Structures are given as structure tokens and as C-alpha cells.
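Structure, as C-alpha cells:
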Amino acid sequence: GAVVSQHPSRVICKSGTSVKIECRSLDFQATTMFWYRQFPKQSLMLMATSNEGSKATYEQGVEKDKFLINHASLTLSTLTVTSAHPEDSSFYICSALKGGANVLTFGAGSRLTVL
Amino acid sequence: SQELEQSPQSLIVQEGKNLTINCTSSKTLYGLYWYKQKYGEGLIFLMMLQKGGEEKSHEKITAKLDEKKQQSSLHITASQPSHAGIYLCGAPSGYALNFGKGTSLLVTP
């Protein structure tokens, strides 16, 4: 199987602080991971593609300096929300593509609340 | 860019009833994925369709892709409370997926 773990599942932070969310592929190596954002009662919006060993590719309208992505190993990608503000409160979900497979596996998501 | 329109937006059915969710694409689909999401949780892969006219079933869920590859339907037979959740259709966009807005399903006793 293919399992993707996300941590933390919930995080509450004060406005102006930075928050890091981890996405790990537990039983496979993922050269590419994806970060999505989901607002209440809305669909998933692709934020960026995380590439192992290289810079992430951001979707139009997503601030790369706001949402820092690091994919330092084949099993770990991190999303850091810098200087978080209440409007950054959302549900962030990562996904990974197992080599040779054509199905994305998703993590359980991380709910960020910025006070 | 490709847009996926899902209908209905939400659905309430009585346990035991059948239901159908539709996903219509603005462009030809080169693959169509169905996922289920429990509220506030991640996505669970249901099925993938690639060929026009293809149909797949798993337990009580059947998904079809039309011959023209622009519309897919997800049919649930004899719905159960465990079927409740948000159903999302997704189409390939590079290696990522572009999703529809989802259909929220509630199954009442």
C-alpha cells in the first residue's frame, strides 16, 4: 500500500507566528508531493508541487514567500506558513505519488487556526 | 483550464435508497478519479476511470465514464450511513489532480 502521514493534525497559533506542517510518505519514496488547501465547504485547491531536491512549483496566486515548501528527502515535504494571519486559517492537505502508480495518496490533513 | 462541475452540491437520502452523483468536465477527460472525504479528514481513493465507456464497481459503489469522456457518474446502491461524506471527482493536471467542488452526502436512518 501507500500511506501518507501528516503532522500535526490540528494546530492553533497566534497571528504573526510561523507554523510548520509535515508530510511523510511512510512506505514509499515520493519524488513529488502536492500541497492543497481547502476552505470550509469548498473543494481542494492546489497550492504547490513539491519536488525533492529542487524548488517547489507554486500555483498562480499562491505566495511562495508566505508558504515555504521544503522537500529535502524522498519521504518528507514540509509546508511552513510564515507570519500567519487569521485569513491563513484553513485545512491543508498533502498528497504524494508513488513511483509507478497513477493514484495520488492523501494525508489526513492539518487544520490550522490562526488567532 | 479544465473545470469540473459536480451535481448535486449536496444530497440527503434515506438509508437503503440509491443515489447518483455526476461530474461534468469542460474538456475531454484523460482520466477521472473519485475520492471520498470524511468531514475534516483526508481523501480516500475510490476509483479511477480512463477509457470511454469504462465502468468500475467496488462493493456498492459504481463509477462510469461516458463514451465522450466528458462526464462521469458515481452510483451508490442501497446507501448506508457509512457512505456519508463528501465525494470529489478529480482530473489529472500534470501529476496533480484538479478537483470539482464536491458533493456532500448525508444518509439518514
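As the structure is a prediction and not an experimental result, all values here were calculated from the model. Order of the sequence lines sets the chain letters (A, B, ...), proteins ahead of strands, with each chain counted from 1.
Around NZ of K64(A), the count of heavy atoms belonging to other residues, nucleotides or ligands within 6.0 Å does not exceed 12. Heavy-atom neighbours of E87(A) CD from other residues, nucleotides or ligands within 6.0 Å: above the threshold of 12. Enclosure of atom NZ in K17(B) is not indicated, since only 12 or fewer non-hydrogen atoms of other residues, nucleotides or ligands lie within 6.0 angstrom. Within a 6.0 Å radius of CD in E55(B), other residues, nucleotides and ligands contribute more than 12 heavy atoms.
Between the OG1 atom in T57(A) and the OH atom in Y95(B) there is a gap of 12.5 Å [rounded to 0.5 Å].
Only the side chain of Y35(B) comes within contact range of chain A, judged by heavy atoms closer than 4.5 Å. Contact annotation for Q38(A): only side-chain heavy atoms (C-beta onward) come within less than 4.5 Å of a heavy atom of chain B. At a 4.5 Å heavy-atom cutoff, the contact between Q37(B) and chain A is made by side-chain atoms alone. Looking at F99(B), the atoms closer than 4.5 Å to chain A (heavy atoms on both sides) sit in the backbone and in the side chain alike.
A continuous path of hydrophobic side-chain contacts links L43(B) to V103(A) [ILVMFWY only; heavy atoms under 4.5 Å]. L11(B) and I86(B) fall into different hydrophobic clusters, defined by Ile, Leu, Val, Met, Phe, Trp and Tyr side-chain heavy atoms under 4.5 Å apart, directly or through other members. Under a hydrophobic clustering in which Ile, Leu, Val, Met, Phe, Trp and Tyr are joined whenever their side-chain heavy atoms come within less than 4.5 Å, directly or via other members, Y92(A) and L46(A) fall into different clusters. Follow the hydrophobic side-chain contacts under 4.5 Å out from F34(A) and you never reach M45(A); the two are in separate clusters.
Ranked by heavy-atom pairs under 4.5 Å with chain B, the list T32(A), L44(A), L97(A) is led by L44(A).
In this structure, E41(B) and I93(A) approach most closely via the heavy-atom pair O-CD1, 4.3 Å. Heavy-atom minimum distance, F91(A) versus G40(B): CZ-O, 3.3 Å.
A donor-acceptor pair under 3.5 Å links the side-chain atoms of S43(A) to the main chain of G100(B), judged by distance alone.
Side-chain contact between L104(A) and Y33(B) is absent, with no heavy atoms from C-beta onward closer than 4.5 Å. Annotation: side chain of L97(B) is in contact with side chain of Y36(A) (closest heavy-atom distance under 4.5 Å).
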